[in-house]
Amino acid sequence: MSRSRREKMGWTLGSLLLGWMFAWSPLSASAAGSTKYARSDSDKPFLHHIDLYDRNNRKITADSTEPYSVEKTCGRCHDLETIAHGWHFNAFASELERQRLKAEAGNEAESSEVAKQSGENPDSAKESIASDHAVEQDASLYDGRPGEPWIWTDARTGTQLPLSYRDWKGRFNPAEIGISTHEMTQQFGARIPGGGVAADWDAKAESELQDSEPTRWPITGTLEIDCMACHAKSGVYDFERRREIIEDQNFAWAPTAALRLGEVSGSVSRLKTGTDLSDEKVQARLPKVEYDSRRFSLDGTVFFDLVRKPENGACYQCHSQRTVSDSGIDERWNHDQDVHLRAGMACVDCHRNGIDHQTVRGFEGEKHPAGAAVATLSCRGCHMGNANEADDHGDSLSLTEIAFRAGRLGSPYPNHEGLPPVHFEKLSCTACHSGPIPGEQAVGLMTSLSHGLGEKGHRTGAELPSIQGPVFAKAESNGLVTPHRAMWPAYWGKLVDGQVSPLPPEEVYANTRRALRVRKDFIEEVSAEGKETFDEKVSAALEAIEKTMEVEQAVYVSTGVVFARGEQDSTLQEVTVANPEAVEMVRWPMAHNVRPAGWALGATGCLECHSDDGLVFTSTVAAKGPAPIEVEPVSMAAIQGLDEATRLEWNQLFGGRKMFKVLTATSLIVLLLALVGSCLPSMKSRMD
């Protein structure tokens with residue numbers, strides 16, 4: 001199917017989906033007291049002996065073969081519509097909201113033109129368009145502060161492509177590239193808790209599309225929000241079994257398999273797209289569940305062993321990390337645990353949420369979508385209080401309201417003796433207290449979202465994507481220097497009017513297989529062979545893309561460089577682009593792995609930072625990617641926008657600071673002695 005036709009189909013499907021997906025507002029979750037669902041309102045866990053229901057709302061027994069549906073089972077007692085607003089589930093919401101705005105803007109423009117031609121007053125249309133602009137501002141609230149992107153990685157083609165449906169700098173929108181929601185779910189489903197992008201297929205909407213290309217959603221089913229992924233008691237939920245089921249494209253069967261309610265046999269991946277599900281032979285090949293009869297009580301209910309507050313193990317499935325050095329992945333025993341975890345705290349002590357599941361992210365200046373006061377759940381608010389908030393009289397709320405004072409969760413108050421207040425205006429708390437211990441160069445990092453940590457395997461630490469940290473840069477949300485993680489995109493794209501944009505990764509692989517001749521790993525089989533082999537194979541792959549994908553000029557982006565075919569055969573040339581943000585560093589702030597006070601930057605004195613080799617300024621990071629080229633490292637001072645000469649001059653003031661203090665103290669003592677000496681004769685004469 002042509003690109004234009006695919007885009008047209010995508011927009012049409014998106015428009016049809018908007019009616020039911022945006023019947024709610026993200027900022028107006030129902031108050032707890034007004035919900036229609038029953039509540040226990042006790043700190044005691046509620047025992048869940050419940051009936052299971054499949055996606056057709058039929059009660060499941062031990063003899064059933066259909067998977068249970070979270071929506072039909074948990075949704076009987078819990079407000080899933082409100083829960084679906086949560087940060088973990090609404091990654092697609094901002095994209096759909098913008099699609100709705102574009103559709104409305106087009107309709108309003110058409111109405112305005114009709115009104116103008118008929119001589120009617122178009123003021124009403126103008127008011128509606130103005131309203132759309134106001135809603136666009138609300139749409140940005142879905143995006144939030146930039147976080148780790150979904151990085152589409154393909155070792156066969158040397159691809160590490162940062163994706164996000166949120167409007168974040170340096171990320172690419174999957175829909176604009178031609179990556180379907182089904183492909184996104186297939187690629188990242190093991191790290192998606194369900195809902196949103198993984199459950200946006202609607203059979204009725206698709207059936208209304210004429211000449212629509214068949215999708216795999218009807219046979220895979222949707223990946224519903226799985227409550228038990230977070231709320232199952234530790235050791236009950238099998239994340240690895242869930243991953244295996246999703247890799248087989250058995251999306252609808254994932255919750256059943258993860259809870260080990262029964263064994264799932266069969267694989268949807270063996271069925272062709274567009275398969276007739278009404279065919280009895282096809283139905284016989286669909287996955288089947290053989291339920292464990294021991295899980296069913298005499299009354300037919302099943303016991304769900306769950307907790308109200310998710311335990312740390314559930315969070316680690318998607319939020320673990322490992323540092324990587326020259327010798328490989330650093331061993332866990334060589335690292336101290338986060339100081340908060342050592343104190344007995346849990347992830348959810350800070351990252352809280354209500355029924356709307358708008359999880360508090362805990363950064364400075366966070367505006368909670370539900371309007372809740374969350375300032376004291378940030379580092380500064382918890383330890384130092386919220387002195388920035390004032391009442392109607394201008395008095396600090398931290399002095400007049402207990403809830404705004406320091407010491408939440410028993411946190412100690414940091415005195416920061418001798419530390420000038422200007423540091424709190426320039427630095428976030430995490431700049432000194434968290435992240436990997438900085439060295440002369442940023443270290444490699446592996447994360448659960450990007451590297452599938454948790455899956456048993458043989459990792460070396462060199463696997464794509466190449467992520468590095470800490471990178472001390474100014475946060476977009478408040479301008480404070482904050483430790484970030486960073487990566488440089490690598491992808492195959494097209495150059496149109498000086499603008500570079502990615503091509504669909506799966507189509508690229510299909511059209512470059514013969515040219516690249518890579519079996520498993522692009523770096524080992526192409527880049528590691530030297531620049532000559534790299535130029536030859538990449539040039540051949542670019543030529544293949546231009547011929548088979550109807551691209552006028554194909555390019556390969558890696559390590560901050562854009563490569564195009566050279567004038568001679570089997571050669572490459574570097575080209576500049578008009579949108580460098582599509583090539584440059586992509587970074588996101590990260591505050592975890594908090595170190596104790598003794599391990600904080602500056603704990604040994606001012607010179608730890610304010611010297612010519614202060615790591616918060618002189619540590620470097622270099623672009624890293626599949627291309628076999630060396631790139632000049634960039635200092636943290638340059639990333640922060642500091643002038644090096646000015647920084648060195650400023651450091652000279654600190655170099656002689658101790659001597660200055662000694663001289664000042666000595667001068668004061670001498671002056672005092674001189675004053676005493678001058679007063680002694682007069683005092684002696686008076687005494688005489």
Side-chain angles (χ1 to χ4, degrees), residues 1 3-18 21-22 26 87 89-106 135-154 159-189 191-192 195-201 215 449-450 465 476 487-497 499-508 551 555 557 577-588:
M1 186 173 65
R3 173 65 181 240
S4 60
R5 183 179 176 186
R6 180 169 58 241
E7 291 179 348
K8 181 178 179 181
M9 186 193 78
W11 283 110
T12 306
L13 178 58
S15 301
L16 292 171
L17 289 170
L18 292 174
M21 290 199 71
F22 277 91
W87 178 256
F89 316 118
N90 68 1
F92 199 40
S94 56
E95 172 64 17
L96 284 178
E97 178 68 356
R98 289 184 174 87
Q99 287 186 20
R100 184 182 70 80
L101 290 172
K102 290 179 180 179
E104 288 188 359
V135 178
E136 170 65 24
Q137 295 178 352
D138 290 341
S140 65
L141 293 176
Y142 285 104
D143 298 333
R145 188 181 73 155
E148 182 174 354
W150 299 108
I151 305 177
W152 184 292
T153 304
D154 190 342
T159 298
Q160 51 182 33
L161 180 61
L163 303 173
S164 180
Y165 289 107
R166 305 181 193 274
D167 189 15
W168 290 341
K169 181 180 178 181
R171 284 75 164 173
F172 300 97
N173 189 314
E176 295 177 357
I177 298 175
I179 301 176
S180 70
T181 55
H182 195 278
E183 289 175 312
M184 287 290 289
T185 305
Q186 177 67 34
Q187 186 83 352
F188 303 109
R191 298 297 183 270
I192 294 177
V197 64
D200 76 338
W201 176 74
T215 72
L449 290 181
S450 299
E476 295 181 10
M487 56 89 67
W488 274 260
Y491 57 86
W492 303 81
K494 59 182 179 180
L495 197 61
V496 180
D497 297 330
Q499 301 272 340
V500 62
S501 60
L503 293 167
E506 288 299 314
E507 292 185 26
V508 166
V551 173
V555 295
V557 176
V577 296
N579 55 334
E581 66 277 1
V583 179
E584 296 173 345
M585 176 200 297
V586 177
R587 61 178 184 250
W588 58 96

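Keep in mind it's a predicted model, so treat the numbers as computed, not measured. Note: hydrogens, waters and symmetry copies are ignored here, and every other heavy atom, side chains too, is used.
When every heavy atom of Ile192 is checked against every heavy atom of Met184, the shortest pair comes out as CD1-O, 4.4 Å. In this structure, Val583 and Val577 approach most closely via the heavy-atom pair CG2-CG2, 4.0 Å. Residue Glu183 comes nearest to Glu506 through the heavy atom pair OE2-CG, 3.9 Å, listed as atom of the first residue, atom of the second, then distance. Ile177 and Pro504 get closest at one heavy-atom pair: O-CG, 3.1 Å.
Side-chain contact between His182 and Thr215: absent, with no pair of heavy atoms (C-beta onward) separated by less than 4.5 Å. Between Val508 and Thr159, the closest side-chain pair of non-hydrogen atoms is not below 4.5 Å. Residues Tyr165 and Asn173 form a side-chain contact, since some pair of their non-hydrogen atoms from C-beta on lies under 4.5 Å apart. Looking at Tyr491 and Phe172, their side chains come closer than 4.5 Å, going by heavy atoms from C-beta outward. In this structure, the side chains of Pro505 and Ile179 come closer than 4.5 Å at one or more pairs of heavy atoms.
Pro149 meets the side-chain contact (heavy atoms from CB on, under 4.5 Å) test with Ile151, Pro162, Arg171, Trp588; sequence neighbours excluded. Contacts of Glu148 classified as side chain to side chain donor-acceptor pair (under 3.5 Å), with partners at least two apart in sequence or in another chain: Thr447, Ser450.
Going from atom CD of Gln187 over to atom CG of Leu163 covers 9.0 Å, rounded to the nearest 0.5 Å. Between the CG atom of Asn579 and the CG atom of Asp497 there is a distance of 11.0 Å, given to the nearest 0.5 Å.
Taking the six-membered ring for Trp and thresholds of 30 and 60 degrees, Phe188 and Trp152 have ring planes more than 60 degrees apart, a perpendicular arrangement.
A side-chain donor-acceptor contact under 3.5 Å links Ser164 to the backbone of Arg166.
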